[in-house]
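FYI, the numbering just counts along the sequence from 1.
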Amino acid sequence: VQLQASGGGLVQAGGSLKLSCAASGSSSSIDNVGWYRQTPGKQRELVATIVTSGSTNYADSVKGRFTISRDSAKNTVYLQMNSLKSEDTAVYYCNADAIPYCTGNGCYVDATDGSWGQGTLVTVSS
């Protein structure tokens, strides 16, 4: 299943953005979705996940600031990002198929694992 992220843009530090992840086809395609982000030269990092039960999980770096949610009627998953920091600047992707691996520093995914949309660029100016 390929999901398409949108909603990125330029925002000042401390500001907010809401990203959308749209799926085509069955609503079950958004039962388990992860938001990821990547900056040049770095691994693609898992930011937040939402699973079938509605349970959510977040990277330590975004806990308390980001919220992942789902609207099954619209076949869309959202990422509300508040209190943005310059270090949140990245291309953000959503994916329902990738299987992340976790280390002591966080969870990551191989960018060649599964099918990825183009992503949406978030730039936070300080």
Visitor: Where do Gln4 and Gly119 come nearest, in terms of heavy atoms and distance?
Guide: NE2-N, 4.1 Å
Visitor: Taking all heavy atoms of Leu79 and all of Ala48, pick out the closest pair and write down the distance.
Guide: CD1-CB, 4.1 Å
Visitor: Could you note down all residue pairs passing side-chain hydrogen bond (donor to acceptor under 3.5 Å, both in side chains) where residues 79-89 supplies at least one of them, sequence neighbours left out?
Guide: Ser16-Asn82, Arg37-Asp88, Arg65-Asp88, Gln80-Asn82
Visitor: With a 4.5 Å limit on heavy-atom distance, are the side chains of Ile50 and Trp35 in contact?
Guide: no
Visitor: I want to check something: taking the side chain as every heavy atom from C-beta on, are Val77 and Leu3 in contact at a cut-off of under 4.5 Å?
Guide: no
Visitor: Looking at every heavy atom in both Gly7 and Leu17, which two are closest together, and how far apart are they?
Guide: O-CD2, 3.9 Å
Visitor: Name all pairs fulfilling the disulfide (SG to SG under 2.5 Å) condition that reach into residues 29-59, sequence neighbours left out, sorted by first residue then second.
Guide: none
Visitor: Distance from Glu45 atom CD to Gln38 atom CD, nearest 0.5 Å?
Guide: 10.0 Å
Visitor: Do Asp110 and Thr112 have side-chain atoms, one donor and one acceptor, less than 3.5 Å apart?
Guide: yes
Visitor: So, Asn32 side chain and Thr52 main chain: donor-acceptor pair closer than 3.5 Å or not?
Guide: yes
Visitor: I need the Arg70 CZ to Asn75 CG distance, nearest 0.5 Å.
Guide: 10.5 Å
Visitor: Taking the side chain as C-beta and beyond, is there a heavy-atom pair between Ser20 and Lys74 under 4.5 Å?
Guide: no
Visitor: Write out all pairs satisfying ring-ring contact (aromatic ring centres under 6.0 Å, His included) with one or both partners inside residues 69-89, taking only residues at least two apart or from two chains.
Guide: none
Visitor: Please round to the nearest 0.5 Å and tell me the distance separating atom CZ of Phe66 and atom OG1 of Thr56.
Guide: 14.0 Å
Visitor: Could you work out the complete set of other residues in the hydrophobic cluster of Leu46, with links drawn between I, L, V, M, F, W and Y side chains under 4.5 Å apart?
Guide: Tyr36, Val91, Tyr93, Val109, Trp116, Leu121
Visitor: Taking all atoms of both residues into account, what is the closest heavy-atom pair of Cys21 and Val33, and its distance?
Guide: SG-CG1, 4.4 Å
Visitor: Mark yes or no for whether Asn95, through its side chain, and Ser115, through its backbone, hold a donor-acceptor pair below 3.5 Å.
Guide: yes
Visitor: Other than Tyr101, which residues form its hydrophobic cluster under the rule that side-chain heavy atoms must be closer than 4.5 Å?
Guide: Tyr108
Visitor: Do you know the tightest heavy-atom contact between Thr76 and Ile30?
Guide: N-CD1, 3.5 Å
Visitor: How would you list, by chain and number, every residue that makes a side chain to side chain contact (heavy atoms under 4.5 Å, CB included) with Thr39, sequence neighbours excluded?
Guide: Lys42, Ala90
Visitor: Using 0.5 Å steps for rounding, measure from the CD atom of Gln43 to the OG1 atom of Thr103.
Guide: 7.5 Å
